[in-house]
Q: 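Structure in structure tokens, see below.
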2 protein chains.
Amino acid sequence: MRSYDQYCAAARALDVVGDRWTLLIVRELLLRQPCRYTDLRQGLPGIATNLLADRLREMEANGIVTREVAAPPVATTLVRLTPRGEALRRVIETLGEWGEPLLRETPPGAAFRTYWLALPLERYLTDHEADRPPVTIEVRTGDDPVLVQTADGGAVRVRPGAAPDADATIQGSPRLVFELLMGEVELAAARKEGLEYHGDPAVLRRVQRVAVDDVA
Amino acid sequence: MRSYDQYCAAARALDVVGDRWTLLIVRELLLRQPCRYTDLRQGLPGIATNLLADRLREMEANGIVTREVAAPPVATTLVRLTPRGEALRRVIETLGEWGEPLLRETPPGAAFRTYWLALPLERYLTDHEADRPPVTIEVRTGDDPVLVQTADGGAVRVRPGAAPDADATIQGSPRLVFELLMGEVELAAARKEGLEYHGDPAVLRRVQRVAVDDVA
DNA sequence: CCGGATCCGGGTTGATACTG
DNA sequence: CAGTATCAACCCGGATCCGG
């Protein structure tokens, strides 16, 4: 990208991360670091392979990312964020916070990866009964499932994986699953629209976000 | 911009504000709202006039900006941020915070407007002697001067204008002025490099940021 | 299969000229 | 003052190909 050539911190930041795809590459790395070129590609539906290669080169030159050749058995190069790249987490979070209302008007066919839920869920969800034994919810939206788990201090953690013995299981479209967990839809209503929930509803309520009603 | 078409809040945000120049237009409006097309143009050195017109149209369609025809005497249209557009302030701030280290390596010829100082200065500076009578510093870097003033609650405010009776005056290159106020350079050192300071040095020290030394 | 490089058509940007 | 018109240069997306 051409520099804006302005003595302004925001403009300088955009010189470095304002290119198309760059911040989404950072998002992927925040979620799946360290990862291979191919992993990045499948986590960035729509990116052209040459663009990904270009961006990684630029990001490496800008000190956001490093590449390392993995040990012999793996024999692949892994991409990882530098501390400076990690610091972009706050930028992604702030952008996500601003963009959240736009999710409602996102077309149903939009691409999705279940592990993308980690950023918003870990940010907004809390364990409302932190003194009780931890629970695990398996979430499936079509691709690889993730586990939503209560952790120490009332935190909620999301990690890839399945658990046959999960306390509850949620399956449905990305939108239904997300809006359910975010407390924007009732379980009954979500079920009517095709969402499947197995397990004690109390498990869901334990982590579900308390609805923020902007209606007075 | 083409949509990323992903069900992800950050990607949706970038669909709307990820275009080149869009966030810098928001920056201008945050600082000088409401303002005319021409004001925007001169606050965005390097932008092509057709791009500015395009962006304003898109931003209006996306609910970030409104245009209003000013009352008869003025007879011009004014651009203003909607509340939704105002909410981008946090995005700009976070970007600026991340980009600040890059200012050190910004080429000396970079474009600058003195009022751009308002965002970082109001964020980082505090009045260290808030119980004493307020002070005003006039800052000049080549274009229209601004006033840095202590305000209630230990806050520091920046507004356009000059003040012949200011308690102090700073004049110099954008970099020298900024690094001096941010506590990255000593007054003596700055003077050696061409900065001019008139007034009691205690006035400067009263608002100057306490240097954050990352050297152990 | 992995990690790209190359090529090409089309869209976007930037510079300038021009206009109501 | 507030744009529109035009055009060249650049960037992006998609497809294909290629060496390990």
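Naming convention: chains lettered A, B, ... in sequence-line order (proteins, then strands); numbering from 1 in each chain.
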Q: Can you check whether A:Y4 and B:W21 have ring centres sitting under 6.0 Å from each other?
A: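 Here the rings of B:W21 and A:Y4 have centres that are less than 6.0 Å from each other.
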Q: Between D:dG3, C:dG14, D:dG13, spot the one nearest the side chain of B:R41, thanks.
A: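 Within the option list, the nearest is D:dG3.
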Q: Given C:dG4, is OP1 or OP2 found less than 4.0 Å from the side-chain N or O atoms of A:R67?
A: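 Affirmative; the distance criterion is met.
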Q: What integer distance in Å separates A:R55:CZ from D:dG13:C1'?
A: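 The distance from CZ of A:R55 to C1' of D:dG13 comes to 12 Å, rounded to the nearest Å.
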Q: In terms of side-chain geometry, is the basic nitrogen of B:R84 or B:E86 positioned less than 4.0 Å from the acidic oxygen of its partner?
A: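 Looking at B:E86 together with B:R84, the answer is no, because their closest N to O distance does not fall below 4.0 Å.
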Q: If we count only N and O atoms by modelled type, under 3.5 Å, do the side chains of A:T136 and A:D167 hold a donor and an acceptor together?
A: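 There is no such pair (donor and acceptor under 3.5 Å, judged by atom type) between the side chains of A:T136 and A:D167.
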Q: Check every atom of C:dG4, D:dC1, C:dT13 against the side chain of B:T38 and return the nucleotide holding the closest atom.
A: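 When the side chain of B:T38 is considered, D:dC1 is the closest of C:dG4, D:dC1, C:dT13.
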Q: Looking across every strand, which nucleic acid part, if any, lies under 4.0 Å from B:D19 by heavy atom: base, sugar-phosphate, or nothing?
A: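 Since only primed, P, OP1 and OP2 atoms lie under 4.0 Å of B:D19, the category is sugar-phosphate.
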Q: Which nucleotide wins on minimum distance to the side chain of A:W21, given the candidates C:dT13, D:dG13, D:dT4?
A: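 Ranking C:dT13, D:dG13, D:dT4 by closest atom to the A:W21 side chain puts D:dG13 first.
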Q: Nearest to the side chain of A:T49 - D:dG3, C:dG4, C:dG14?
A: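 Nearest listed nucleotide: C:dG4.
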Q: Which is more 5' along DNA chain D, the nucleotide nearest A:N50 or the one nearest A:R2? Just name the residue.
A: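 The residue whose closest nucleotide sits nearer the 5' end is A:R2.
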Q: Just verifying a value: how many Å separate A:R80 CZ and A:R32 CZ, rounded to the nearest 0.5 Å?
A: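 It comes to 14.5 Å.
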Q: Of all the nucleotides listed (C:dG3, D:dG13, C:dG14), which has the minimum atom distance to the side chain of A:T76?
A: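 Closest of the options to the side chain of A:T76: C:dG3.
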Q: Measure CD1/A:I25 against P/C:dG4 and give the value in whole Å, please.
A: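 Answer to the nearest Å: 12 Å.
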Q: If I take atom CG in residue B:L56 and atom P in nucleotide D:dG3, what distance separates them, rounded to the nearest angstrom?
A: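 From B:L56 CG to D:dG3 P: 7 Å.
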Q: For A:M1 and C:dT13, give me the distance from atom CE to atom P, rounded to whole Å.
A: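 Roughly 9 Å, once rounded to whole Å.
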Q: Donor-acceptor check, side chain of B:T169 to backbone of B:E138, threshold 3.5 angstrom: yes or no?
A: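 Between the backbone of B:E138 and the side chain of B:T169 there is no qualifying donor-acceptor contact (under 3.5 Å).
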Q: Considering only C:dG4, D:dT4, D:dC1, which nucleotide approaches the side chain of B:R57 most closely?
A: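 The answer is D:dT4.
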Q: Rounding to a whole Å, what distance do you find between B:D5:CG and D:dG13:P?
A: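 From B:D5 CG to D:dG13 P: 13 Å.
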Q: Without decimals, in angstroms, what is the distance between A:D54 CG and D:dC12 P?
A: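 One finds 8 Å between P of D:dC12 and CG of A:D54, rounded.
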Q: Give the nucleotide from the list C:dA15, D:dG3, C:dT13 with an atom nearest to the side chain of B:R20.
A: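 So the side chain of B:R20 is nearest to C:dT13.
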Q: A:L51 has an atom CG; how far is it from atom P of C:dG4, in whole Å?
A: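 The distance from CG of A:L51 to P of C:dG4 comes to 14 Å, rounded to the nearest Å.
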Q: For the pair made of CG in A:L44 and C1' in D:dG14, what is the distance, rounded to whole Å?
A: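 After rounding, the reported distance stands at 16 Å.
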